[in-house]
Amino acid sequence: MKRLDWNALDETARREALARPAQSRADELRRGVEQIIANVREGGDAALRELSAKYDRCALQAIAVDEAEFAAAEASLDPALKAAIREAAARIEAFHRAAALQPVAVDTAPGVRVERMLRPIGRVGLYVPAGSAPLPSTALMLGVPAHIAGCREVVLCSPARADGRCDEAVLYAARLTGVHKVFKLGGAQAIAAMAYGTASVPKCDKLFGPGNAWVTEAKLQVSSDPDGAAIDMPAGPSEVLVIADAGANPVFVAADLLSQAEHGPDSQVILLSPSADLLDQAAAEVERQCAELPRGAIAGRALAQSRLIAVDSLAQAVEVSNRYAPEHLILQVAAPRALLDGVESAGSVFLGQWAPESVGDYCSGSNHVLPTYGYARSYSGVSVASYQKQISVQEVSADGLRNIGPCTATLAAAEQLEAHRRAVTLRLEALA
């Protein structure tokens, strides 16, 4: 990991220090995704099979997962794994039900009632990555809130292995959460299929889920097309920023950094600390632990574009973190809640040495589908509200119009919208 001193950097160097790795190939990425989307729109299922053979190295017979595959997947799983998936699903459901929006009705004036109705999005598409490692936890994070919201149809895409089958744990988690259809598709082609529809894959109203830079770019492109689909957020390669003080355990700090670095070579991890000793110890511990990991080579590539940054204080560390707007923020400091009020932009925050990011990934109950690339400045993680539409309702009685009509007419006149004004004054005249 590259070692930097934040206060020795000029503004250009600071921007470079916090730059995401995928930005260096943005133009190439954009063109490649545009071509994949165009191929799927034109070629439909045939294009999906060709792209799966090219990128996933599998020859798909049926694109959809059938009942026999679901049954075989469940039968093949270790009972302990199935129990863990059920346990995690229960905690995710408990938190998401408690945090869900509720209908609201408020009398804003005598005779004037304003309400908020909640309606589920009709058909949603979930994307579960499986490029370098299958992620059944993502099926839980996406499927549970979709089920709570009551979406009419939930479809899920996840890449197939070379044998033409999806990961068994992903299928079990999908079935457990009530997903209606699963398709053996990955990458930008899966996003295109759910956004525009093919003979096999239904067109979805909104797409959810993380993925690599290609998936993220595909989501951005289809969301900007009126014929495409809305998206939850730009959610791409994983990232973590750790703020640690001199008393932090370097073993824990290194483990947290590596837990994100092992996701993929385009992941990024950053450590901020005012303690030079902690930075030294964490750097050594990262090297030691990385050498022991089965995915150490992948983590090593991510570490090559990651940073150890010295700061003057924990307060400055929080300022730098807000500028980066990390997907995951870990506060490994003596008094983490003392820093929490200063956190303005982060997908999910983990307080103290006993809260590794891993618990949020799997089973604390929060959602791990979070904004990356700095989009935590303006986006939130997936929740039940992500799968719902909020519809406002107004009910106005005759007395209510007498109470608020003059205000409406005055504002309409100020904006020189005479038809707006008359829609109120004609009624007031009738009441008079």
Side-chain angles (χ1 to χ4, degrees), residues 77 79-102 118 120-121 124 126-129 133-151 154 156 158 167 169-179 206 208-211 232-233 235 238-242 252 255-256 259-260 263 325-332 336-337 339-341 343 345-372 375-376 379-388:
L77 289 180
L81 175 55
K82 289 190 285 189
I85 290 173
R86 293 194 299 271
E87 179 184 335
R91 272 199 286 275
I92 295 165
E93 181 171 357
F95 174 76
H96 283 71
R97 283 195 183 278
L101 294 174
Q102 299 298 320
L118 302 174
I121 296 173
V124 296
L126 317 181
Y127 184 75
V128 176
L135 298 177
S137 57
T138 298
L140 296 178
M141 297 293 175
L142 298 176
V144 168
H147 175 72
I148 295 171
C151 297
V154 182
L156 184 150
S158 191
D167 177 74
V170 169
L171 294 184
Y172 180 74
R175 178 54 59 90
L176 180 68
T177 60
V179 170
K206 189 173 182 180
F208 296 79
D232 51 355
M233 72 193 84
S238 193
E239 59 196 33
V240 67
L241 187 148
V242 179
F252 294 172
D256 287 337
S259 72
Q260 295 309 292
H263 266 297
E327 177 190 20
H328 306 101
L329 170 61
I330 299 177
L331 303 179
Q332 286 212 38
R337 282 201 174 270
L339 300 183
L340 194 56
D341 284 348
V343 175
S345 298
S348 190
V349 184
F350 300 80
L351 303 182
Q353 65 175 336
W354 307 117
E357 187 277 331
S358 306
V359 299
D361 265 357
Y362 295 111
C363 62
S364 68
S366 67
N367 208 289
H368 80 202
V369 182
L370 303 165
T372 62
Y375 285 102
Y379 285 83
S380 304
V382 163
S383 67
V384 176
S386 306
Y387 295 86
Q388 294 173 320

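Reckoned from all heavy atoms, side chains included, excluding hydrogens, waters and symmetry mates. Residues: numbered from 1 along the sequence shown.
Counting only N and O atoms by type, the side chains of Thr138 and His368 include a donor and acceptor under 3.5 Å apart.
The two atoms that bring Phe208 and Asp232 nearest to each other are CA-OD2, 3.3 Å, heavy atoms only. Across every non-hydrogen atom of Val369 and Gly209, the tightest pair is CG1-CA, 4.1 Å. Taking each heavy atom of Gln260 and Asp361 in turn, the nearest pair found is NE2-OD2, 3.9 Å. Annotation for Ser380 and Met233: closest pair O-CE, 3.3 Å, computed over non-hydrogen atoms. Shown here for Gly360 and Met141, the closest heavy-atom pair between the two residues is O-CE, 3.5 Å. Listed here is the closest heavy atom pair of Val170 and Ala139: O-CB, 4.2 Å.
Taking the ring pair (Phe, Tyr, Trp, His ring centres under 6.0 Å) definition, one finds that Tyr362 meets it with nothing, sequence neighbours left out. Applying the side chain to side chain donor-acceptor pair (under 3.5 Å) criterion to Gln353, with sequence neighbours excluded, gives no partner residue. Listed by chain and number, the residues in a side chain to side chain donor-acceptor pair (under 3.5 Å) with Thr177 amount to none (sequence neighbours excluded). With sequence neighbours left out, His96 forms a side chain to side chain donor-acceptor pair (under 3.5 Å) with Asn367. For the ring pair (Phe, Tyr, Trp, His ring centres under 6.0 Å) test, residues two or more places apart in sequence or in another chain that qualify with Tyr375 are Tyr379. Not counting sequence neighbours, Asp256 has no partner by the salt bridge (Lys or Arg N to Asp or Glu O under 4.0 Å) test.
Between Ser259 and Val240 there is no side-chain heavy-atom pair separated by less than 4.5 Å. Using a 4.5 Å cut-off on side-chain heavy atoms (C-beta onward), Leu339 and Pro336 make no contact. Taking the side chain as every heavy atom from C-beta outward, Pro129 and Pro210 approach each other to under 4.5 Å.
Here Ile330 contributes atom CD1 and Glu357 contributes atom CD; the two are 6.0 Å apart, rounded to the nearest 0.5 Å. The distance from atom CG of Leu140 to atom CZ of Arg86, rounded to the nearest 0.5 Å, is 11.5 Å. We find the CD1-SG distance between Ile92 and Cys363 to be 8.0 Å, quoted to the nearest 0.5 Å. Atom-to-atom distance recorded for Gln388:CD and Ile121:CD1 is 8.5 Å, nearest 0.5 angstrom.
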His147/Val154 under side chain to side chain contact (heavy atoms under 4.5 Å, CB included): CA gap, chis, key distance, verdict: CA-CA 8 Å; His147 175 72; Val154 182; over 6 Å; no

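At least one donor-acceptor pair under 3.5 Å links the side chain of Ser158 to the backbone N or O of Val128. Put simply, the side chain of Lys82 never gets that close to the backbone of Tyr172: no donor and acceptor are under 3.5 Å apart. Not a single donor-acceptor pair under 3.5 Å links the side chain of Glu239 to the backbone N or O of Pro326. At least one donor-acceptor pair under 3.5 Å links the side chain of Tyr387 to the backbone N or O of Leu142.
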